Amino acid sequence: KQEVTQIPAALSVPEGENLVLNCSFTDSAIYNLQWFRQDPGKGLTSLLLIQSSQREQTSGRLNASLDKSSGRSTLYIAASQPGDSATYLCALDTGRRALTFGSGTRLQVQP
Amino acid sequence: GAGVSQTPSNKVTEKGKYVELRCDPISGHTALYWYRQSLGQGPEFLIYFQGTGAADDSGLPNDRFFAVRPEGSVSTLKIQRTERGDSAVYLCASSLTSGSGNEQFFGPGTRLTVL
């Protein structure tokens with residue numbers, strides 16, 4: 001059974017810092033990996049989707065990488081802003097079409 | 001364009017009652033997914049539809065849970081004899097097809113509270 005772990009569970013940084021969120025998974029047979037953002041009491045907003053054949057995806061200040069052989073993905077946020085404060089979730093499609101999620105990293109960016 | 005919508009946004013019910021949660025996917029999306037999210041956890045898969053049929057219902061916790069999508073668009077998640085442990089946020093998502101690599105788009109969720 002695929003297990004997804006996100007470290008750290010919570011992170012607080014001052015505004016302007018570059019930061020890295022980590023996602024690890026136990027089964028490298030994945031089809032794609034998605035990073036989501038969730039604001040308190042809200043649904044999920046898709047940030048980046050990485051296909052299994054890709055190594056990374058970029059959108060604005062966000063960069064996500066995927067290393068299937070080591071079972072890891074990282075989400076890099078450049079020049080963090082208070083508006084980036086949210087919970088970040090990674091999720092895998094292992095071919096079942098249903099996504100398997102980690103528990104998320106709760107990010108707080110201090111002004 | 002319009003995203004995934006879910007109604008109601010909040011539902012409070014008493015133990016033992018029946019509830020229905022509705023999901024309206026993005027127009028033209030053939031695949032629809034239901035997930036459940038408990039506090040402090042990531043969403044957990046319940047069921048997904050390709051068109052009108054349930055392609056995978058392996059995540060439904062027991063036979064009190066049932067979902068339909070009769071016309072291949074709107075879906076209803078039905079919970080019978082609700083229990084306090086059913087309290088969670090129920091999220092719906094849709095994708096263009098169910099093929100691998102298709103991005104899933106989520107609705108705002110329905111927060112269910114069973115008293």
Side-chain angles (χ1 to χ4, degrees), chain A residues 1-10 21-25 29-54 57 59 64 66 68 73 75 86-107, chain B residues 3-7 9-10 21 23-26 29-51 53-60 67 88-113:
Chain A
K1 178 188 172 187
Q2 177 74 267
E3 293 187 6
V4 183
T5 303
Q6 291 189 247
I7 294 173
L21 307 182
N22 296 293
C23 172
S24 62
F25 46 94
I30 66 170
Y31 281 75
N32 64 55
L33 183 147
Q34 264 184 277
W35 281 94
F36 293 90
R37 169 188 173 133
Q38 186 171 33
D39 292 283
K42 305 290 186 183
L44 278 64
T45 300
S46 179
L47 298 173
L48 291 163
L49 170 71
I50 311 177
Q51 303 288 358
S52 63
S53 59
Q54 298 174 322
Q57 283 285 342
S59 176
L66 174 63
K68 288 198 305 178
S73 176
L75 178 66
T87 296
Y88 291 81
L89 295 152
C90 72
L92 309 177
D93 178 355
T94 58
R96 289 180 56 217
R97 311 302 186 251
L99 295 177
T100 302
F101 283 84
S103 294
T105 293
R106 193 169 61 255
L107 173 65
Chain B
V4 179
S5 62
Q6 293 186 245
T7 55
S9 55
N10 280 283
L21 312 179
C23 172
D24 234 307
I26 293 172
H29 280 196
T30 62
L32 184 147
Y33 312 78
W34 284 99
Y35 295 83
R36 178 167 73 172
Q37 186 176 25
S38 300
L39 194 63
Q41 301 296 315
E44 293 182 322
F45 167 73
L46 296 175
I47 183 171
Y48 103 85
F49 291 86
Q50 178 57 44
D56 183 350
D57 64 358
S58 62
L60 294 177
V89 175
Y90 290 80
L91 295 165
C92 175
S94 69
S95 64
L96 194 57
T97 73
S98 65
S100 294
N102 275 281
E103 192 172 2
Q104 293 188 23
F105 296 88
F106 281 75
T110 293
R111 182 175 300 278
L112 175 67
T113 303

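Note on naming: letters A, B, ... go to the chains in the order of the sequence lines (proteins, then strands), and numbering restarts at 1 for each one. Small disclaimer: the values here were computed from a predicted structure and weren't measured. Both backbone and side-chain heavy atoms feed into the values below; hydrogens, waters and symmetry mates do not.
- Here B:Ser58 pairs with A:Arg96, B:Asp56 under the side-chain hydrogen bond (donor to acceptor under 3.5 Å, both in side chains) rule; sequence neighbours left out.
- Taking all atoms of both residues into account, the shortest heavy-atom contact from B:Pro43 to A:Phe101 is O-CD1, 3.4 Å.
- The CZ atom of B:Phe106 lies 10.5 Å from the OG1 atom of A:Thr45; values are rounded to the nearest 0.5 Å.
- Contact annotation: the side chain of B:Tyr35 approaches that of A:Leu99 to within less than 4.5 Å [non-hydrogen atoms, C-beta and beyond].
- When all heavy atoms of A:Leu89 and B:Gly42 are compared, the closest pair comes out as CD2-CA, 4.1 Å.
- Within a 6.0 Å sphere centred on CD of A:Gln2, heavy atoms belonging to other residues, nucleotides or ligands number more than 12.
- Shown here are the side-chain hydrogen bond (donor to acceptor under 3.5 Å, both in side chains) partners of B:Gln6, two or more places apart in sequence or in another chain: there are none.
- Looking at every heavy atom in both residues, A:Ser103 comes nearest to B:Gln41 through OG-OE1, 3.5 Å.
- If you measure heavy-atom distances from A:Gln38 to chain B, the contacts under 4.5 Å come from the side chain alone.
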